[in-house]
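Notes follow once the structure below has been shown.
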Amino acid sequence: MKYLGYSIVWGMILVLLSACGSQAIIKQDPALESQQNGYVYAAYPLRGTIGVRELKTNQKYQLINNASHINGWGANGVWLPPGEYTVDSWVGIKLEEYSPFSVEQGKVTDLGSFIPLSVGNYEFVLLPYRHSELDQIGDAAFKTLSPYIQTKEIIQWRMNVPPKPTKDKVQGTGLGLIADLLMAYDRKVNNPGLNELLRKASTNEEFYALATKGMQPLGFEPAFDEDGNLYYGADLGQIRVRYAKGTWGSIDSGRIVPVTAVEWIEGQLVIGFDDGLISVLDKSGSRTDLTNTNNYSVVDIDRTNNGWVVASAKYQNYKLEEAVVYSSSSNLPEVLIESQKFTPKDTHFIPRPHGEVSGGTYFFSIFPGLNALDTKNLTWEKVILPGDVHSFHVSGSTVVAFKSQGAFSKVYLSRDSGNSWEQIDRPPYHIWNVNFTEGEGGTAARSKAKAFSVEQEFYQYSPDQKKWTYLYSAPHGCNSAPLLD
């Protein structure tokens, strides 16, 4: 995963991993191991670790040798003595009972894939689920073992009923009793609500379908169709749909990788993934893959008067290293031509690069500045601003750019497509989004820190009074919200 999104999958993983160190790789010689042991592998997030236990001896092992991987998910395994085993732990947390599986000498046991999903109340389920994309990395792992196994027959383990939820592991702060008590109270105040539908699911397929339908939108720029429906990318290959009537739906791309960019064109959705793949979904939901941005995360896809603009970003350990913008003159963004590379001034804790089209100009922000591409001539120029900015939004000839840095936050407004700017009043900090409408006022979102929680507040800007006024607060437990488009 290349972005810090807030999904029930990755949010859970990051919480759990805060208490766990990395595991050492066990060096095993397949030629020797295959003479007396069998190989067991499973696909799961690379930053996690699955432990298994031999039922007769209670000896414990970990599946930590990576055989193949895809964008944060890996097929991990280990050679084990023949016997009956069970899945026993996830990142060091003891799990509830799983169905046993067999290991036989010279054979491969395929456990399928495991997806950690929150069910609320600080509980999670490590769901056994055979996802088609994860099966591919399992097949790749099997091919690397083929010279050492005695038969092509694979022992496939299946568990069709969801396991019981498991409580998160709570670590002490290391700062004493008072700090631990404060942390315990913090967890009580911010306790996520129960997801009763997930808890009532009777099969793994039903559980996964319910979990993906409730996947939180990533909050990036949405696409919108002629009927006013909005489309947001989400984790586990999902596109969340905010229908014009106010209800939500979900479209499954068929992938496990997060959808990080979306655009609508003539009844089709052009979508970009966190691993650089660009695809198109038709009305039936059928996906056709178009191209790849050199495995950089796709952060923006925009239709222009002259074709397409696609922006991608390279992350390393959550640090933004480089952004690349491409252009395309084809009907769909199949053939990409590199237009410009950008390097951020700072790589830590800055918003991801952002792009929007207005008329014949494509605006693109990467800290500390804003850049403009003439989509006809494909020439770039740097937008001259009064100061550094983290992000922006555009509506017609109105452009608002902002820097989000606590008490040093700034908001700059242009009513002539970025040719001239004025610094205006900023909302109370910490602001994380500001948007203005052509010829009208603006809206803003900010995080208000309380003693044991963070509340999301929304403000409105009056051009006449030239100040921000409070509108409303998001419901308790809302960690983020879609862009104010």
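Computed over heavy atoms, backbone and side chain alike; hydrogens, waters and symmetry mates excluded.
By the 6.0 Å contact criterion, CZ on F224 is open, its count of non-hydrogen atoms from other residues, nucleotides or ligands being 12 or less. Summarising the local packing, NZ of K200 is surrounded by 12 or fewer heavy atoms from other residues, nucleotides or ligands at distances under 6.0 Å. In this structure, N58 places its CG atom where more than 12 heavy-atom neighbours from other residues, nucleotides or ligands lie under 6.0 Å away.
Using a 4.5 Å heavy-atom threshold, the side chains of H430 and R446 count as separate. By the 4.5 Å heavy-atom criterion applied to side chains, D275 and R255 are counted as neighbours. Side-chain contact between T109 and S102 is absent, with no heavy-atom pair separated by less than 4.5 Å. Between L63 and V78, the closest side-chain pair of non-hydrogen atoms falls below 4.5 Å. Using a 4.5 Å cut-off on side-chain heavy atoms (C-beta onward), F207 and L198 make contact. Considering only heavy atoms from C-beta on, D110 comes within 4.5 Å of R130 through its side chain. Within the 4.5 Å cutoff, the side chain of W73 has no heavy atoms near those of the V257 side chain. Here the side chains of I271 and I301 are not in contact, with every heavy-atom distance at 4.5 Å or above.
In this structure, T86 contributes its side chain and Y98 its backbone to a donor-acceptor pair below 3.5 Å. Judged purely by atom type and a 3.5 angstrom limit, S329 has no side-chain atom pairing as donor or acceptor with the backbone of G307. E263 places no side-chain N or O within 3.5 Å of a backbone atom of L269 that could act as its donor or acceptor partner. Using modelled atom types, no side-chain atom of W79 and backbone atom of L32 make a donor-acceptor pair closer than 3.5 Å. In terms of modelled atom types and a separation under 3.5 Å, the side chain of W264 and the main chain of L230 share no donor-acceptor contact. With hydrogens and angles disregarded, a donor-acceptor distance shorter than 3.5 Å links the side chain of D29 to the backbone of A31. Under the 3.5 Å distance criterion, the side-chain polar atoms of T166 are left unmatched by any main-chain donor or acceptor of L95. Looking at T293, its side chain never comes within 3.5 Å of a backbone N or O of N295 through a donor-acceptor pair. A donor-acceptor pair under 3.5 Å links the side-chain atoms of R240 to the main chain of G249, judged by distance alone. With hydrogens and angles ignored, the 3.5 Å screen pairs a side-chain donor or acceptor of E54 with a backbone N or O of K56.
Judged purely by distance below 3.5 Å, without hydrogens or angles, the side chains of S330 and S328 pair a donor atom with an acceptor atom. Side-chain contact, Y362 with D300: a donor N or O sits under 3.5 Å from an acceptor N or O. A side-chain donor from one of S447 and Q456 sits under 3.5 Å from a side-chain acceptor of the other. Q238 and D252 form a side-chain donor-acceptor contact under 3.5 Å, judged by distance and modelled atom types alone. In this structure, a donor-acceptor pair under 3.5 Å is present between the side chains of W380 and S339.
Shortest non-hydrogen contact noted between I256 and H131 is N-CE1, 3.6 Å. When all heavy atoms of P163 and E97 are compared, the closest pair comes out as CB-O, 4.4 Å. Nearest heavy-atom pair across S132 and G254 is OG-O, 4.0 Å. D388 approaches K403 most closely through the heavy-atom pair O-CB, 3.4 Å. Considering all non-hydrogen atoms of both residues, V310 and P333 come closest at CG2-CB, 4.2 Å. Between S253 and F273, the shortest heavy-atom distance links the atoms OG-CE2, 3.5 Å.
For the atom pair CD of Q28 and OG of S34, the computed distance is 11.0 Å after rounding to the nearest 0.5 Å. For the atom pair I239 CD1 and T212 OG1, the distance stands at 11.0 Å (nearest 0.5 Å). Note that CD1 of I431 and CD of Q405 are 10.5 Å apart. Values are rounded to the nearest 0.5 Å. Atom CD1 of I50 and atom OG of S89 lie 8.5 Å apart (nearest 0.5 Å). Annotation: the span from D88 atom CG to Y61 atom OH amounts to 12.5 Å, rounded to 0.5 Å. Atom OG1 in T288 sits 9.0 Å away from atom CG in L332 (nearest 0.5 Å).
Under 4.0 Å is where a charged nitrogen must lie from a carboxylate oxygen, and between K314 and E322 no such pair does.
For H393 and H354, the distance between ring centers is under 6.0 angstrom.
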Between R352 and Y315, does a side-chain contact (heavy atoms from CB on, under 4.5 Å) hold up when you go through it step by step?
CA-CA 10 Å; R352 75 177 204 158; Y315 290 87; 3.1 Å; yes

side-chain contact (heavy atoms from CB on, under 4.5 Å), that's the test. Do L126 and I93 meet it? Break it down for me.
CA-CA 11 Å; L126 185 66; I93 300 175; over 6 Å; no

Take W90 and F114, measure what ring-ring contact (aromatic ring centres under 6.0 Å, His included) needs, and give me the verdict at the end.
CA-CA 10 Å; W90 166 248; F114 291 84; 8.5 Å; no

Intermediate values then yes/no, side-chain contact (heavy atoms from CB on, under 4.5 Å), L236 and L117
CA-CA 11 Å; L236 296 182; L117 294 162; 4.3 Å; yes

side-chain contact (heavy atoms from CB on, under 4.5 Å), that's the test. Do N371 and Q340 meet it? Break it down for me.
CA-CA 10 Å; N371 308 275; Q340 187 76 7; over 6 Å; no

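Residues that satisfy the salt bridge (charged side-chain N to carboxylate O under 4.0 Å, His left out) test with R303, not counting sequence neighbours, are absent from this structure. For the side chain to side chain contact (heavy atoms under 4.5 Å, CB included) test, residues two or more places apart in sequence or in another chain that qualify with T203 are E205, E206.
Taking the six-membered ring for Trp and thresholds of 30 and 60 degrees, F342 and F364 have ring planes inclined between 30 and 60 degrees apart.
Shown are T291, D289, N292; of these, the side chain to side chain donor-acceptor pair (under 3.5 Å) with S279 is made only by D289.
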